[in-house]
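Remarks on the structure that follows.
Atoms within a ligand are numbered from 1 in the order they appear, just like the ligands themselves.
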Amino acid sequence: MISDLWYKNAVVYCLSVESFMDSDGDGVGDFRGLTRRLDYLHGLGVTAIWLMPFQASPGRDDGYDVSNYYDVDPRYGTLGDFVEFTHGCKQRGMRVLIDLVVNHTSNEHPWFKSARADPKSPYRDWYVWSKKKPAGADQGMVFPGVQKTTWTYDEKAKAYYFHRFYDFQPDLNTSNPEVQAELLRIMGFWIQLGVCGFRMDAVPFVIAEKGPDVGPKPKSQFQMLRDFREFLQWRKGDSVILGEANILPKEALQYFGDDGDRIQMMFNFWANQRLFLALATGDARPLAKALEETKPGYPTAQWGLFLRNHDELDLGRLTDDERAAVFAAFGPDKEMQLYDRGIRRRLAPMLKADRRLMELAYSLMFTLPGTPVLRYGDEIGMGDDLSLPERHCARTPMQWSAEKNGGFSNGAKTYLPAISGGGFGFETVNVAQQRRDPNSFLNWIERVIRMRHEVPEIGWGEMSLIPVRDKAILALRYDWRGAAVVVIHNLDPEPREVAFRSGADGDGDVRLVDLLGGEHSDPGPDGRHRFAIEGYGYRWFRAGGLDEAMRRKDV
Ligand code: NOJ
């Protein structure tokens, strides 16, 4: 299937309209505020913005409970404001991805209201019902500890309805062809308004068979992913789907499609969990193994790489011991943990604002195989507010300046209070202050993003692990059309001596040109590179040849 591969070297920035910038003083971010901040994002080097849900919603799961797919929630503005926003992005060469939340609707969606009110409603079969309470009703909850069941009795409908998530999020019966046709209409609508694709929420659940007789391991209907992809690309050739699917590596190819004909991108949750394990233990091997295990298997397939997102850091796919090690390092208190599987903190407080560790973590994110996805506020090292419930602790207003509400809003009250006081308050951690300081984290991130744009090998190329003896060292090489880069990371707080051959097959060692500093490396008489790398250090090297690769240009 033909497509434009822009996403292979994009830098994605994720934000919710609610928390970014309030233009009218009502305490809630809006599209007009966001549009005024586009130059900031463009200046940072962002090439695509992922917007979290902004459609009309009762807002009981921060918009992941949609009550009208075809409108902007009035708190954020109007469809007109949305189009102004996408236009502003286009002018600056930034693409827009939006969340597509179609596993479920809000229980206040007119479809659900009609479905529950009347068994003959045309929408009855848009949801998943059972006369009796199904056997597995107390299993498969996504939010254990908060969510009690996956089947809830509805008095009006006189039946149980299925909900994989909270009870106010009834699952759509996605096997129903009418529902499928509606999903395409929703995509077509937003594509027409200027978006370039979708972050598809809860993909494994969207495509799962649903119903009272379906067991704990429902079959997946992968064909749906091909249908979505095909529809999108017929409408707009460069549009993509970035899937949220916390799956096993061996399942990945089924999502990407073994002809590369299903979804183009997925978040690499597998590597994410092992990245934090590596940071917690100083041992790069689990991460190296995860990278081998998740080689995409198809050239147009691409991972989205992230450190933290708006949910908890999900460690559910580590062993108990591994998870305990990450908890001990980054979220030791019960109040920092969530749903028995994760850590709900922001990145900077997890890493105790240790600049070396933060740089290491981001350097990894920008150089592992895939497309980096930053979360708003992480570029200035924003903190969290653990007094807020569940995942809200890491969804506080963007900290623009030391002014009232962190410069986010001049309203009397904001949707959540801006973080104030302490080491992470807006008085000290804010964009205005970091802009002025050449050594700030913000300016460091900007430089690293600039360099990431200049090493297209990472997005395009073939990744290989360079053998090293030291378990603290992760050494990667990317080859693309005769061009190559080598990236070295030291996961240990102490300095190390590294020694390696940079050639993919051990031959052809050349000078390694240091891209972020001036410490180039020449191979010794035995063909090996040898140098000291500081604790938590990182080096990005070019191993020759980008000009030649760029001459054969279609990037
Ligand atoms: C995944 C989203 O990331 C999360 O925030 C949301 O609660 C669930 N899906 C349900 O939509």
Asn107 versus Gln169, side-chain donor and acceptor atoms under 3.5 Å: no

Thr371-Gln302 side chain donor-acceptor pair, cut-off 3.5 Å: yes

Sidechain-backbone polar pair: Arg116 side chain, Ala159 backbone, donor-acceptor under 3.5 Å: no

Reference residue Phe31; test ring-ring contact (aromatic ring centres under 6.0 Å, His included); the match among Phe20, Tyr76, Phe54: Phe54

Result of checking Tyr123, Tyr161, Phe168 against Phe112 for ring-ring contact (aromatic ring centres under 6.0 Å, His included): Tyr161

Nitrogen or oxygen of Asp311 less than 3.5 angstrom from that of ligand 1: yes

Sub-4.0 Å heavy-atom contact, Met52 with ligand 1: no

Contacting atoms of ligand 1, where contact means under 4.0 angstrom from a heavy atom of [X]:
X	value
His310	2 (C), 3 (O), 4 (C), 5 (O)
Arg391	4 (C), 5 (O), 6 (C), 7 (O)
His104	10 (C), 11 (O)
Phe143	7 (O)
Glu244	1 (C), 3 (O)

Considering heavy atoms of the protein only, find what lies nearest to [atom] and give residue, atom and distance to 0.1 Å.
atom	answer
atom 9 (N) of ligand 1	Asp201 OD1, 2.9 Å
atom 7 (O) of ligand 1	Asp61 OD2, 2.6 Å
atom 8 (C) of ligand 1	Phe165 CE2, 3.7 Å

Ligand 1-proximal atoms of Phe205, by part, heavy-atom distance under 4.0 Å: neither

Structural part of Arg199 in contact with ligand 1, heavy atom criterion under 4.0 angstrom: side chain

Arg346 charged N/C atom sitting above Tyr376 aromatic ring, 6.0 Å / 45°: yes

Arg323 and Phe276: CA distance, side-chain angles, deciding distance, side chain to side chain contact (heavy atoms under 4.5 Å, CB included) verdict: CA-CA 10 Å; Arg323 192 176 319 108; Phe276 279 95; over 6 Å; no

Smallest separation among heavy atoms of Pro218 and Val214, with atom names: CB-CG1, 3.3 Å

